[in-house]
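See below for the structure under consideration.
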Amino acid sequence: MPKSEAGGEETVVQAVLLADSFNVRFGPLTFNRPRALLPLANVALIDYTLELLVASGVHEIYIFCRSFASEIKAHIEKSIWKSNKNVKIETRVCHSYSVGECLREVDTMDVIKNDFVLVSGDIVSNMDLEKAISAHADRMKKNKDIVMTMFMKETEPGHYVQSSEDDVVVALDKDNILLAYSHSDDSRYLIKRAIFENARSVDIRRDLLDCHLYICSPKLLMLFTDEFDCQDMDDFIMFIHSQEIADHCVYTEVIRDGYAARVGNLHSYDAVSMDVLRRWTYPLVPDSRLLQSEHTIQFKRHNVYLSDEVGLTWGCELEENVLVGFASTVGREGAPTTRLTNCIIGKRCKIGAGVRISNSYVWDDVVIGDGCQIDRCILANGVELKPEVRVESGSVLAPGVVIDTGVTIKMNSMIALESCSAEDAADFDDEDGEADAPRTPPEWDVAVVGPGGKGQVWDPEDEDDAEVFAWGTRGSVADAIAPAYKLDEEVTESESESDDDEHGDREYSGASAGGGSDGPEHDDDGDFNSEILDLIRERVIAKFDSGMEDSVPLSELALESQGSRSAHNKTLNDVVDAMVHAVMACSNDSEVSTTDLVQRIKKIFITISPVLSKYITTPACQGLFIASIESASIAYPNAGEAFQTVLHAMYEEDLVLEEMVLRWHRNAQMAVLSPAQVALRTRVQPFIEWLQNAEEESNDDDDESDSD
């Protein structure tokens with residue numbers, strides 16, 4: 001903890017928490033509720049941020065909010081933080097419409113006396129800031145120009161947590177001083193030539209994710225007060241780098257360990273939620289009592305979490321990565337099976353029989369009738385789905401919406417009780433947090449919600465907002481492991497149908513599912529895929545054709561594939577996907593018997609497995625690898641005869657784990673499959689059964705050892 005320079009006493013560590021988001025990125029979900037109080041894994045977002053600050057030794061936390069101030073105050077009063085004697089939490093109402101205006105108000109209040117942490121109320125992080133706060137103070141003693149420490153997480157470009165808004169390039173000097181910070185403009189980044197002339201060394205990086213977390217000097221508040229053009233932190237960083245102010249700078253703290261991400265839009269909400277279930281955020285996980293003490297949550301195998309008083313019948317299956325909240329019921333005895341996977345169920349929900357829920361978020365008090373199908377959606381508090389409703393990927397149903405029996409909600413639909421214009425008008429309500437007077441109920445859009453439904457289409461007029469809300473077009477970690485649910489960003493519904501007719505389900509491109517560039521079928525990636533195809537043909541296939549398969553130059557293959565990846569700015573998953581398709585494409589027209597072809601393809605994959613292993617580095621990558629093998633087998637049906645053999649061989653080579661193969665199989669049961677996919681899964685069934693039997697025998701052995 002920092003010491004004061006005068007008396008050697010401990011300095012009071014302060015924090016400014018901005019509970020307002022100053023945007024409408026969550027659309028109708030924040031009409032009657034601030035973003036900071038939206039549930040993530042059934043815990044309010046602001047509680048994750050408060051836990052970060054309290055665990056890091058912050059003594060005073062000032063929460064500033066304009067919208068819904070009374071709701072924020074009420075939440076703090078009844079939260080676990082109120083009884084914490086080590087921290088003072090004070091909620092203050094501001095009159096601001098931007099981050100810049102809010103910080104100018106903070107300056108006039110004269111409550112910040114020391115270096116302080118600046119954070120928004122939607123940060124999820126398991127970092128310990130205590131050392132970083134001390135290091136910031138030490139740096140400022142040596143370099144008085146440093147006005148702020150900015151945290152950035154080291155991650156692969158195109159990472160599933162990263163949305164299009166987070167695509168930035170930064171330039172750092174040898175001391176990690178920020179020299180440039182540029183957002184993507186049609187895949188181009190602006191970096192001034194002057195930084196190369198003035199710095200001895202410059203590190204250009206695109207592998208850093210802005211955590212929107214800062215340690216600031218009190219000077220930062222004065223600078224915002226002096227410069228009224230600064231409306232947010234991006235403006236401030238640009239201001240720091242302008243010629244008008246050359247005597248202040250920003251230090252960049254690069255995070256290599258630990259977790260830090262901002263839940264800034266629907267895409268990041270999806271990604272961070274899955275990270276919490278998969279325990280990447282430990283100890284901030286559902287079964288921890290750090291964030292809530294009201295209910296106990298049991299942690300079970302396959303990342304299944306069950307809260308108190310949950311009602312599960314024999315007619316339900318919780319596959320993996322599932323959280324069921326307090327007093328919720330799932331399924332019905334003697335009725336068709338209800339299956340849940342990669343989803344979070346809130347408190348007091350009622351889910352009927354024969355329901356399928358995947359990659360979705362169901363908030364409190366939701367009722368879902370029999371036979372409903374829900375894929376990659378958000379159902380807010382009090383939503384009711386009557387029987388046989390289908391909600392397609394990317395859809396958001398705001399609080400209180402009712403969908404009538406048999407209705408299908410189309411992809412990326414946003415349904416609310418209020419219109420978009422009403423939401424915009426109420427986005428920043430009056431300072432005491434009171435909502436506007438009740439409006440005359442509108443006529444419901446019967447064509448969308450059905451004759452017995454309640455709701456209307458919430459359609460943002462701004463095209464930029466529409467792109468942000470279309471979260472169903474971006475991949476998350478759930479998509480990486482279960483790519484059968486991926487709907488490609490660049491393919492319209494009609495184009496997707498025509499692709500399915502010609503090639504089977506080509507939505508399985510590993511590159512696309514990983515959130516990077518599109519798959520091999522897209523013309524704009526033709527150069528990269530052609531290079532990998534030529535590389536496989538020349539370095540691998542030619543050796544097999546000449547009987548010299550034992551002399552495949554693996555080091556050259558690795559070096560040249562990495563060169564193509566760098567030249568075309570591709571992800572690791574792009575390379576794997578292109579290699580898999582290249583092997584299948586080169587083998588598809590071989591004039592040999594099916595048996596010989598299968599064995600040849602198997603040997604090719606085993607031969608290049610050392611190179612593939614350099615790119616398949618995480619479980620998510622394994623999921624994409626399986627998806628690539630599947631999609632290539634469908635695209636090249638002759639070579640596709642080798643699917644089971646190749647999958648088994650890659651399992652033997654430890655490129656895919658047993659758990660990942662079984663996940664792929666289980667998740668497929670939740671999806672609507674094309675005939676080609678059904679045929680492929682029938683062919684691979686013996687291998688799946690072998691793995692399942694092996695897993696059951698392992699479990700039996702564990703039980704016997706426990707009983708001993």
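Here, residue 1 is the first one in the sequence, and each next residue gets the next number. Only a predicted model underlies this, so the values are computations on that prediction, with no experimental measurement involved.
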| With sequence neighbours left out, what residues match Asp173 under side chain to side chain donor-acceptor pair (under 3.5 Å)? | none

| said: To the closest 0.5 Å, what do you measure between CG (Leu18) and OG (Ser98)? | reply: 10.0 Å

| To the nearest 0.5 Å, how far apart are CD1 in Ile72 and CZ in Phe64? | 13.5 Å

| query | Between atom SG of Cys102 and atom CD of Glu105, what is the distance when rounded to the nearest 0.5 Å? | reply | 6.5 Å

| Val106 pairs by side chain to side chain contact (heavy atoms under 4.5 Å, CB included) with which of Leu221, Leu220, Leu118? | Leu221

| said: I'd like to check the salt bridge (charged side-chain N to carboxylate O under 4.0 Å, His left out) partners of Arg92; sequence neighbours left out, ordered by chain and number. | reply: Glu90

| field | Interatomic spacing from CG in Asp203 to CG in Asn176 - rounded to 0.5 Å | value | 8.0 Å

| request: Evaluate side chain to side chain contact (heavy atoms under 4.5 Å, CB included) for Leu103 paired with Val99, printing each intermediate quantity in order. | output: CA-CA 6 Å; Leu103 292 179; Val99 172; 4.0 Å; yes

| task | Would you check if there is a donor-acceptor pair between the side chains of Asp20 and Tyr97 at a distance under 3.5 Å? | result | no

| message | Looking at Asn114 and Val12, would you say the former's side chain and the latter's main chain have a donor-acceptor pair under 3.5 Å? | response | yes

| request: Start with the C-alpha gap between Ile237 and Met150, add the side-chain angles, then the distance that decides, and say whether side chain to side chain contact (heavy atoms under 4.5 Å, CB included) holds. | output: CA-CA 10 Å; Ile237 292 172; Met150 175 182 183; 3.8 Å; yes

| said: Quick one, Asn86 and Val54 - any side-chain contact, counting heavy atoms below 4.5 Å? | reply: no

| query | Any side-chain heavy atom of Ile344 sitting closer than 4.5 Å to one from Ser273? | reply | yes

| Would you say Ser360's side chain and Ile378's backbone share a donor-acceptor pair under 3.5 angstrom? | no

| request: Report yes or no: does Asp235 contribute a side-chain atom to a donor-acceptor pair with the main-chain N or O of Gln231 at less than 3.5 Å? | output: yes

| field | Sidechain N-carboxylate O distance under 4.0 Å for Arg376, Asp270 | value | yes

| remark: The single option from Ile123, Val87, Ile89, Val58 that satisfies side chain to side chain contact (heavy atoms under 4.5 Å, CB included) with Leu53 is Val58

| request: Might you work through the side chain to side chain contact (heavy atoms under 4.5 Å, CB included) test for Val254 and Leu208, ending with a clear yes or no? | output: CA-CA 8 Å; Val254 178; Leu208 299 178; 3.8 Å; yes

| task | Run through Ile133, Leu213, Ile215 and flag the one making a side chain to side chain contact (heavy atoms under 4.5 Å, CB included) with Thr149. | result | Ile215

| said: Taking Val13's backbone N and O only, do any of them form a donor-acceptor pair with His59's side chain (distance below 3.5 Å, no angle check)? | reply: yes

| message | Ile255 vs Leu209, test: side chain to side chain contact (heavy atoms under 4.5 Å, CB included). Steps then yes/no. | response | CA-CA 9 Å; Ile255 306 168; Leu209 178 67; over 6 Å; no

| request: State, with a plain yes or no, whether a side-chain heavy atom of Arg33 is found less than 4.5 Å away from one of Pro39. | output: yes

| field | Over all atoms of both residues, closest heavy-atom pair of His136 and Cys216 | value | NE2-C, 4.1 Å

| task | Report yes if the side chains of Asn342 and Val322 come closer than 4.5 Å at any heavy-atom pair, otherwise no. | result | no

| Tell me, do Phe26 and Val263 make a side-chain contact under 4.5 Å, heavy atoms counted? | yes

| query | With a 6.0 Å cut-off on ring centres, are Phe224 and Phe236 close enough? | reply | yes

| said: Please determine whether salt bridge (Lys or Arg N to Asp or Glu O under 4.0 Å) holds for the pair Asp122 and Arg262, giving the CA-CA distance in whole Å, both sets of side-chain angles, and the decisive distance to 0.1 Å. | reply: CA-CA 6 Å; Asp122 49 16; Arg262 184 184 186 189; 3.0 Å; yes

| Would Asp287 and Arg279 count as a salt bridge (Lys or Arg N to Asp or Glu O under 4.0 Å) if you check the C-alpha gap in whole Å, the side-chain angles of each, and the deciding distance to 0.1 Å? | CA-CA 10 Å; Asp287 54 306; Arg279 308 180 77 80; 2.8 Å; yes

| Sub-3.5 Å donor-acceptor pair from the side chain of Glu77 to the main-chain atoms of Lys73, do we have one? | no

| Hey, does the side chain of Ser328 reach the backbone of Gly346 with a donor-acceptor pair shorter than 3.5 angstrom? | yes

| query | Going by heavy atoms in the side chains, are Arg348 and Val366 under 4.5 Å from each other? | reply | no

| message | Within a 6.0 Å radius of atom OH on Tyr282, are there more than 12 heavy atoms belonging to other residues, nucleotides or ligands? | response | no

| said: Is the ring pair Tyr361/Tyr269 parallel, tilted or perpendicular, if the boundaries are 30 and 60 degrees? | reply: perpendicular

| Non-hydrogen atoms of Ile297 and Pro286 that approach each other most closely | CD1-O, 3.2 Å

| Main-chain N/O of Leu284 paired to Asn126 side chain as donor or acceptor, under 3.5 Å | no

| query | Can any side-chain N or O of Lys113 pair as donor or acceptor with the backbone N or O of Asp110 at less than 3.5 Å? | reply | yes

| request: Would you check if Asp207 and Thr155 make a side-chain contact, meaning some heavy-atom pair closer than 4.5 Å? | output: no

| query | Any donor and acceptor pair, going by atom type alone, linking the side chain of Ser56 with main-chain N or O of Leu129 inside 3.5 Å? | reply | yes

| request: Measure the spacing between CE of Met152 and NE2 of His212 and express it to the nearest 0.5 Å. | output: 8.5 Å

| query | Closest approach of Tyr48 and Val276, non-hydrogen atoms and distance? | reply | OH-CG1, 4.3 Å

| message | Rounded to the nearest 0.5 Å, what separates atom SG in Cys65 from atom CG in Leu37? | response | 9.0 Å

| Side-chain (Asn381) to main-chain (Pro399) donor-acceptor, under 3.5 angstrom | no

| request: In sequence, state the C-alpha distance, the side-chain angles, and the governing distance for Thr281 and Asp275, and then conclude on side chain to side chain donor-acceptor pair (under 3.5 Å). | output: CA-CA 7 Å; Thr281 59; Asp275 282 349; over 6 Å; no

| field | Where Cys349 and Ile345 come nearest, the two heavy atoms and their spacing | value | CB-CG2, 3.8 Å

| request: May I ask you to check whether Tyr62 and Phe116 place their ring centres under 6.0 Å from each other? | output: no

| Less than 4.5 Å apart, any side-chain heavy atom of Thr30 and any of Leu38? | yes

| note | Heavy-atom closest pair (Val383 atom, Ala398 atom, distance to 0.1 Å) is CG2-O, 3.3 Å

| message | Could you check whether atom CG of Asp257 has more than 12 heavy atoms from other residues, nucleotides or ligands sitting under 6.0 Å from it? | response | no

| said: Looking at every heavy atom in both His295 and Ser307, which two are closest together, and how far apart are they? | reply: CB-OG, 3.7 Å

